[in-house]
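Everything on this sheet refers to the single structure shown next.
Letters go in sequence order (proteins before strands), and every chain restarts at 1. Values reported hereafter were calculated over all heavy atoms of this structure, with side chains retained and with hydrogens, waters and symmetry mates removed.
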2 protein chains.
Amino acid sequence: MLQTVQKAAQVLRLFTPQQPEWGVTEVAAALEIPKSGAHALLRTLAAEGLLQRTGNGRYRLGWTLFELSQTLLDSSALLRAARPIMERLVAGWGETTHLAVLVDGQVLYVEKLQGDRALEIVLSGVGKRLPAHCSGVGKVLLAHQPWENVLRIVETTGLVSFTPNTITTVEQLRAELERVRQQGFAYDQEEVMVGLCCAAAPIRDESGQVIAAMSLSVPAYRFYPNQQRLTTAIVDAARRVSEELGYYQEDWAWGNGKRSKSRSSGQATSVLT
Amino acid sequence: MLQTVQKAAQVLRLFTPQQPEWGVTEVAAALEIPKSGAHALLRTLAAEGLLQRTGNGRYRLGWTLFELSQTLLDSSALLRAARPIMERLVAGWGETTHLAVLVDGQVLYVEKLQGDRALEIVLSGVGKRLPAHCSGVGKVLLAHQPWENVLRIVETTGLVSFTPNTITTVEQLRAELERVRQQGFAYDQEEVMVGLCCAAAPIRDESGQVIAAMSLSVPAYRFYPNQQRLTTAIVDAARRVSEELGYYQEDWAWGNGKRSKSRSSGQATSVLT
DNA sequence: CTGCGAGTTCAGTATAACTGAACACAGCCA
DNA sequence: TGGCTGTGTTCAGTTATACTGAACTCGCAG
């Protein structure tokens, strides 16, 4: 499992908006390795363009990461498919939509569109992470993971409490994820922030795998009166994105099993050819 | 120089918009290493989130790269400082502006704004690379590199010819870069595409280092009549961005030496305290 | 059913990476 | 100005790492 590469990745993950610049000694202390080792890692990463040296011998993230990210976005159909549908959602409701993926057991926000009627959600943001057990998108994404994965995640990150409504026990989480998987959507009822609710639904790729989740965030006082309409709206929007990605659900409201056949192009594997 | 990390970075750089998905065998062939080695690299990178496995055992870029890129953009003052000034430039001229950095001896486009009067420049694009010897931004960036670096770059990538005007000999390049450095801006006179010209100027950070270049691209028939005004416009815009980054040039038109003092905040190092 | 090609695993060996101390350099305080 | 503490950087020896190449499994096609 190439420990050297693991360490290099650890180094990259040290760089955050809070501390975007690191020196050799700091990295050595953070990873608990000798200075010379940290030095070698930083030098190599800088030589490869993944980091860049500042004048004073410290390091920042390198532009190659920007390039790779653009390549990712360019080659990923997800954002291209989701953005117009999110825009329509925002235009119709005036609220905030999120698009998120699961990375390393946490929710990574990939896109966020704010409506004119929306309240500012400062916690979420494009490129930011949040724990998965509390948000709507997080619960959707966890619900479609093997339970053992969920357990591992919970054991490492714990079930941090944000509000009185946050899920804090494994048993609660298990039951909630079970329900989310079966009904095909999730609610966040003031679990991450008092006064904020959301409805979220899964997005599947052509193989039927859940690769992302979409949500519509709404102030609590506007959520409960419109819960039903909100639910169908987000479920429908997520389904449309999934279809754009080549997924076609077998029979809605029952089967969450195998796919039948894609309506998208570039898919002619099995029978004839 | 941690060869394992170098190989890992090589693997990442294999992923392009043209081929965003790689299998073990393909990677092994591309890097000329045994399959098991490629397998270990891919597995490790995927475990770290820098890659993701598709269902069929192939690999794509991972969302962690998106996260890192967002952190880079968030912590880099460059784009934040440049964007409004580029917008004003576009609003005033109706042409296309580019913002680019030098990565690995090539020009990496970081931002691109198109005006309403502009012609579509298909070659450039955010996240795309081009050789440095032909474009305006490229010549600006090379001009402020040590000549030995430039030589190394030229020896590896060569001086590819795009149009009859493209610089193709080292001597031409040397003279041009010398002029660009002294006059503080560069022209591209149909060197990358027939009918397309541009003027470009360097952007410096608070230490005086050239970290990026900005350009204004114009059809040839509109370039020559307005060359003087274009030049002052782009030089002025780049200077404003540099000042935003904390650079204050000593005395314009002569000294390119040390800085005197920043007018930006967060800088009170030397005398008192 | 068989063969080819994909991805994956494993044990032994060669070599790459880690260690820790010494070096160079800058800024800061006396 | 002169040490002093804190950087980043270098190096040689040793350990433990990563590479090798063949064997294995699985899916698809003939």
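- When all heavy atoms of A:Leu173 and A:His133 are compared, the pair lying nearest together is CD1-CB, 4.2 Å.
- Across the helix from C:dC1-D:dG30 to C:dG27-D:dC4, the helix axis at one end is tilted relative to the axis at the other end by 40° (nearest 10 degrees, each axis from five pairs).
- Here B:Glu243 pairs with B:Arg239 in a salt bridge; the nearest charged N to carboxylate O distance falls below 4.0 Å.
- Looking at B:Leu61 and B:Phe66, their side chains never come closer than 4.5 Å, going by heavy atoms from C-beta outward.
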Listing, residues 32-52 of chain B side-chain donor-acceptor contacts under 3.5 Å, not counting sequence neighbours, or none:
| residue | atom | partner | partner atom | Å |
| --- | --- | --- | --- | --- |
| B:Thr44 | OG1 | B:Ala40 | O | 2.7 |
| B:Glu48 | OE1 | A:Arg13 | NH2 | 2.1 |

Enumerate all atom pairs, one protein N or O and one N or O from nucleotides 12-14 of chain C, separated by less than 3.5 Å.
none

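- Counting only heavy atoms from C-beta outward, the side chains of A:Arg83 and A:Glu111 approach each other to under 4.5 Å.
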Protein and nucleotides 8-10 of chain D: nitrogen or oxygen contacts under 3.5 angstrom:
| residue | atom | partner | partner atom | Å |
| --- | --- | --- | --- | --- |
| D:dG8 | OP1 | A:Val24 | N | 2.9 |
| D:dG8 | OP2 | A:Thr25 | N | 2.9 |
| D:dG8 | OP2 | A:Thr25 | OG1 | 2.4 |
| D:dG8 | N7 | A:Lys35 | NZ | 3.4 |
| D:dG8 | O6 | A:Lys35 | NZ | 3.3 |
| D:dT9 | OP1 | A:Arg53 | NH1 | 2.3 |
| D:dT9 | OP2 | A:His39 | ND1 | 3.1 |
| D:dT9 | OP2 | A:Tyr59 | OH | 3.4 |

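- A straight line from CG of B:Leu41 to C1' of D:dC19 spans 10 Å, rounded to a whole angstrom.
- Between B:Asn149 and B:Gln145, the side chains place a donor N or O and an acceptor N or O closer than 3.5 Å (distance only, hydrogens not considered).
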Can you tabulate the close N/O pairs, meaning under 3.5 Å, that link protein atoms to atoms of nucleotides 14-17 of chain D?
none

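- Side-chain polar atoms of A:Gln182 and A:Glu178 form a donor-acceptor pair below 3.5 angstrom.
- At whole-Å resolution of the value, CD in B:Gln6 and C1' in C:dA17 are 13 Å apart.
- For the pair B:Ile211 and B:Val101, the tightest heavy-atom approach, listed with the atom from each and the gap, is O-CG1, 3.5 Å.
- In terms of heavy-atom proximity, B:Gly105 sits nearest to B:Ala132 at O-CB, 3.8 Å.
- Taking atom CE of residue B:Met1 and atom P of nucleotide D:dA18, one finds them 17 Å apart after rounding to whole Å.
- The pair B:Glu176-B:Arg179 meets the salt-bridge criterion, with a side-chain N (NZ, NE, NH1 or NH2) lying under 4.0 Å from an Asp/Glu carboxylate O.
- A straight line from CD1 of B:Ile33 to C1' of C:dT15 spans 16 Å, rounded to a whole angstrom.
- The salt bridge (charged side-chain N to carboxylate O under 4.0 Å, His left out) analysis of residues 61-72 of chain B, with sequence neighbours excluded, yields the pairs A:Arg129-B:Glu67.
- Rounded to whole angstrom, the span from the CD atom of A:Glu21 across to the C1' atom of D:dT7 amounts to 14 Å.
- At least one donor-acceptor pair under 3.5 Å links the side chain of A:Glu26 to the backbone N or O of A:Gly23.
- Cation-pi geometry between A:Arg58 and A:Trp22 is not met: the NZ or CZ atom fails to fall both under 6.0 Å from the ring centre and inside 45° of the normal.
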